[in-house]
Amino acid sequence: MSDLELRHLRYLIAVGEAGSVTRAAEQLMITQPALSRALRALERRAGVTLLVRGSRGTELTAAGWTLLTEARDIVERSRTALERTRGVQAETVTLTVSVAECDVVAVSAVCQAFEESHPGTRVHVVPREWTLPPDDLRAGEADVTFLRDCYDRHDLVVDQLALEPRSVLLSAGHHLADGRKLTVSDLRDEPVTLWAGMSTAQVEHWTGADTDRSPRRRGPSVRSTSDVLNAVILGRAIAFAHGSTLPDALPGIRIRPVEGLSPSRLDVATSVRATRTPTVPVERFVEYARQWWAEIR
């Protein structure tokens with residue numbers, strides 16, 4: 001402040017509340033002469049007498065009481081302004097996390113818990129198609145990426161979080177939906193939904209051909225979870241899904257475990273560049289995610 005210094009206003013408040021320069025100096029832990037000099041400097045800047053010193057102590061003049069009231073408000077507002085400024089600075093630490101749409105719910109829960117345990121850090125969750133390569137991570141558009149199963153690991157640092165068993169989704173009227181124990185070979189002749197843009201490795205894993213090398217029947221091409229469910233309900237194809245994305249029940253669909261079907265692997269990845277110049281929020285988030293999934297296994 002060019003005309004008034006906050007410390008001088010705090011000194012005036014202390015004297016007004018203590019009723020004595022001596023007691024105010026003790027509370028402020030400064031010498032009485034230093035406090036007296038500061039109060040005289042304040043009076044010179046104000047251009048009026050603020051304090052009257054007498055045998056019974058120090059009293060504020062009418063002008064002193066007016067400035068005291070304003071001083072309390074100014075000091076409080078300055079404290080609030082600093083707290084808000086520090087809060088804004090803390091909130092500028094943001095992590096961008098990309099995740100396959102099928103894992104958005106689970107990953108969002110982790111991100112929320114991380115925010116609550118790390119004040120000042122915000123996590124921005126960006127859904128992505130699970131068949132796409134993690135180019136957003138390599139390009140620096142994401143700080144952390146959650147990935148499933150088959151993808152290019154070039155330039156990535158990968159940590160495995162979980163291996164989840166997969167089940168088959170069948171139409172309620174399907175001849176294999178009666179609850180019998182199923183193996184991957186029982187389903188080799190069934191048409192399987194195929195996501196648009198799948199790589200060869202993704203197709204083999206998705207259809208179960210990675211463990212049972214027999215040819216698979218190609219079912220309808222799908223672009224969303226709704227497409228998958230519609231194809232299954234209408235009896236046009238079967239589909240496989242990992243456990244964390246499956247509800248307890250789906251109308252018109254039967255969910256059955258499959259022996260011999262490869263599990264789905266969930267990974268958390270950062271770029272090699274990030275490890276060369278690590279940022280604390282990224283490292284802490286990855287470690288937090290590892291601990292989170294370790295506890296729920």
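The shown structure was predicted, so the numbers you read here are calculated from the model rather than taken from an experiment. Residue numbers start at 1 and run along the sequence shown.
Contact check for Arg10 versus Val75: side-chain heavy atoms found under the 4.5 Å cut-off. Contact check for Thr207 versus Leu194: side-chain heavy atoms found under the 4.5 Å cut-off. Side-chain contact between Leu169 and Leu229 is present, with at least one heavy-atom pair separated by less than 4.5 Å. Counting only heavy atoms from C-beta outward, the side chains of Val125 and Ser108 approach each other to under 4.5 Å. Put simply, the side chain of Trp195 does not reach to within 4.5 Å of the side chain of Arg223, judged on heavy atoms. With contacts defined as side-chain heavy-atom distances shorter than 4.5 Å, the pair Arg138/Asp152 qualifies. Between Glu190 and Arg217, the closest side-chain pair of non-hydrogen atoms is not below 4.5 Å. For the pair Gln291/Val286, no side-chain contact is recorded, criterion being any heavy-atom separation below 4.5 Å from C-beta on.
Taking the six-membered ring for Trp and thresholds of 30 and 60 degrees, Phe114 and His118 have nearly parallel ring planes, at less than 30 degrees apart.
Grouping the Ile, Leu, Val, Met, Phe, Trp and Tyr side chains by contacts below 4.5 angstrom, directly or via other members, places Val126 apart from Leu156. Note: the hydrophobic cluster containing Val158 does not contain Val107 (ILVMFWY, side chain heavy atoms under 4.5 Å, direct or indirect links). Follow the hydrophobic side-chain contacts under 4.5 Å out from Leu6 and you reach Val15 in the same cluster. Under the 4.5 Å side-chain heavy-atom criterion for Ile, Leu, Val, Met, Phe, Trp and Tyr, Val48 and Leu42 are members of the same hydrophobic cluster. Follow the hydrophobic side-chain contacts under 4.5 Å out from Leu137 and you never reach Phe285; the two are in separate clusters.
Rounded to the nearest 0.5 Å, atoms OG (Ser78) and CG (Asp73) are 9.5 Å apart. Summarising the geometry, atom CG belonging to Leu12 is positioned 6.0 Å from atom CG belonging to Leu51; distances are rounded to the nearest 0.5 Å. Within the model, atoms OH of Tyr288 and OG1 of Thr121 stand 12.0 Å from one another, a figure rounded to the nearest 0.5 Å. A distance of 11.0 Å separates OG1 of Thr193 from CZ of Arg218, quoted to the nearest 0.5 Å. Residue Ile253 holds its CD1 atom at 12.0 Å from CZ of Arg256, rounded to the nearest 0.5 Å. Between the SG atom of Cys111 and the CD atom of Glu116 there is a distance of 11.5 Å, given to the nearest 0.5 Å.
The shortest heavy-atom contact between Gly235 and Ser171 is CA-CB, 4.1 Å. Residues Leu147 and Ala269 come closest through the heavy atom pair CD1-CB, 3.9 Å. The two atoms that bring Ala239 and Trp206 nearest to each other are CB-CZ2, 4.4 Å, heavy atoms only. Contact between Arg216 and Gly208 at its shortest, heavy atoms only, is NH2-O, 3.3 Å. Of all non-hydrogen atoms in Ala237 and Val192, the two that sit nearest each other are CB-C, 4.3 Å. Here the closest heavy-atom approach between residue Ser167 and residue Leu261 is recorded as N-CD2, 4.4 Å.
Remark: side-chain polar atoms of Asp103 are not paired, donor with acceptor, to backbone N or O of Ala100 under 3.5 angstrom. No donor-acceptor pair under 3.5 Å is formed between the side chain of Arg128 and the backbone N or O of Val99. Without hydrogens or angle criteria, Asn230 side chain to Ser226 main chain gives a donor-acceptor distance under 3.5 Å. Counting only distance, with no hydrogens or angles, the side chain of Thr211 and the backbone of Gly260 share a donor-acceptor pair below 3.5 Å. When atom types are taken as modelled, the side chain of Arg254 and the backbone of Leu170 share no donor-acceptor pair closer than 3.5 angstrom. Between the side chain of Glu43 and the backbone N or O of Arg40, no donor-acceptor pair lies under 3.5 Å.
Residue Arg236 places its CZ atom among 12 or fewer non-hydrogen atoms of other residues, nucleotides or ligands, all under 6.0 Å distant. Heavy atoms of other residues, nucleotides or ligands lying less than 6.0 angstrom from CZ of Arg290 number more than 12. When the shell of 6.0 Å around CD of Glu287 is examined, it contains more than 12 heavy atoms from other residues, nucleotides or ligands.
A side-chain donor from one of Arg148 and Ser264 sits under 3.5 Å from a side-chain acceptor of the other. Counting only N and O atoms by type, the side chains of Arg166 and Ser262 include a donor and acceptor under 3.5 Å apart. If you check the side chains of Ser98 and Thr145, you find a donor sitting under 3.5 Å from an acceptor.
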Under the criterion side-chain contact (heavy atoms from CB on, under 4.5 Å), I'd like the reasoning laid out for Arg265 against Glu164: C-alpha separation, chi angles, the key distance, then a yes or no.
CA-CA 6 Å; Arg265 169 175 166 161; Glu164 298 182 275; over 6 Å; no
Please determine whether side-chain contact (heavy atoms from CB on, under 4.5 Å) holds for the pair Val282 and Leu95, giving the CA-CA distance in whole Å, both sets of side-chain angles, and the decisive distance to 0.1 Å.
CA-CA 7 Å; Val282 171; Leu95 287 177; 3.5 Å; yes
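The pair Arg213-Glu204 meets the salt-bridge criterion, with a side-chain N (NZ, NE, NH1 or NH2) lying under 4.0 Å from an Asp/Glu carboxylate O. Ionic pairing of Glu70 and Arg77 is not present here: no N-O contact between side-chain nitrogen and carboxylate oxygen is shorter than 4.0 angstrom.
A ring pair (Phe, Tyr, Trp, His ring centres under 6.0 Å) check over residues 132-179, counting only residues at least two apart or in different chains, returns the pairs Phe146-Trp293.
Considering only residues two or more places apart in sequence or on other chains, Arg153 meets the salt bridge (Lys or Arg N to Asp or Glu O under 4.0 Å) condition with Asp267. Residues passing the side chain to side chain donor-acceptor pair (under 3.5 Å) test with Gln32 are Thr22, sequence neighbours excluded. Legend: residues meeting side chain to side chain contact (heavy atoms under 4.5 Å, CB included) with Glu141, ordered by chain and number and at least two apart, are Asp136, Ala139. Qualifying salt bridge (Lys or Arg N to Asp or Glu O under 4.0 Å) partners for Asp155, counting only residues two or more places apart in sequence or in other chains: none.
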Which side-chain N or O atoms in residues 57-68 pair as donor and acceptor under 3.5 Å with protein atoms at least two apart or in another chain?
| unit_1 | atom_1 | unit_2 | atom_2 | d |
| --- | --- | --- | --- | --- |
| Thr61 | OG1 | Thr49 | O | 2.7 |
| Thr61 | OG1 | Leu50 | O | 3.4 |
| Thr61 | OG1 | Ala63 | N | 3.4 |
| Thr61 | OG1 | Gly64 | N | 3.0 |
| Trp65 | NE1 | Leu60 | O | 3.4 |
| Thr66 | OG1 | Ala62 | O | 3.1 |

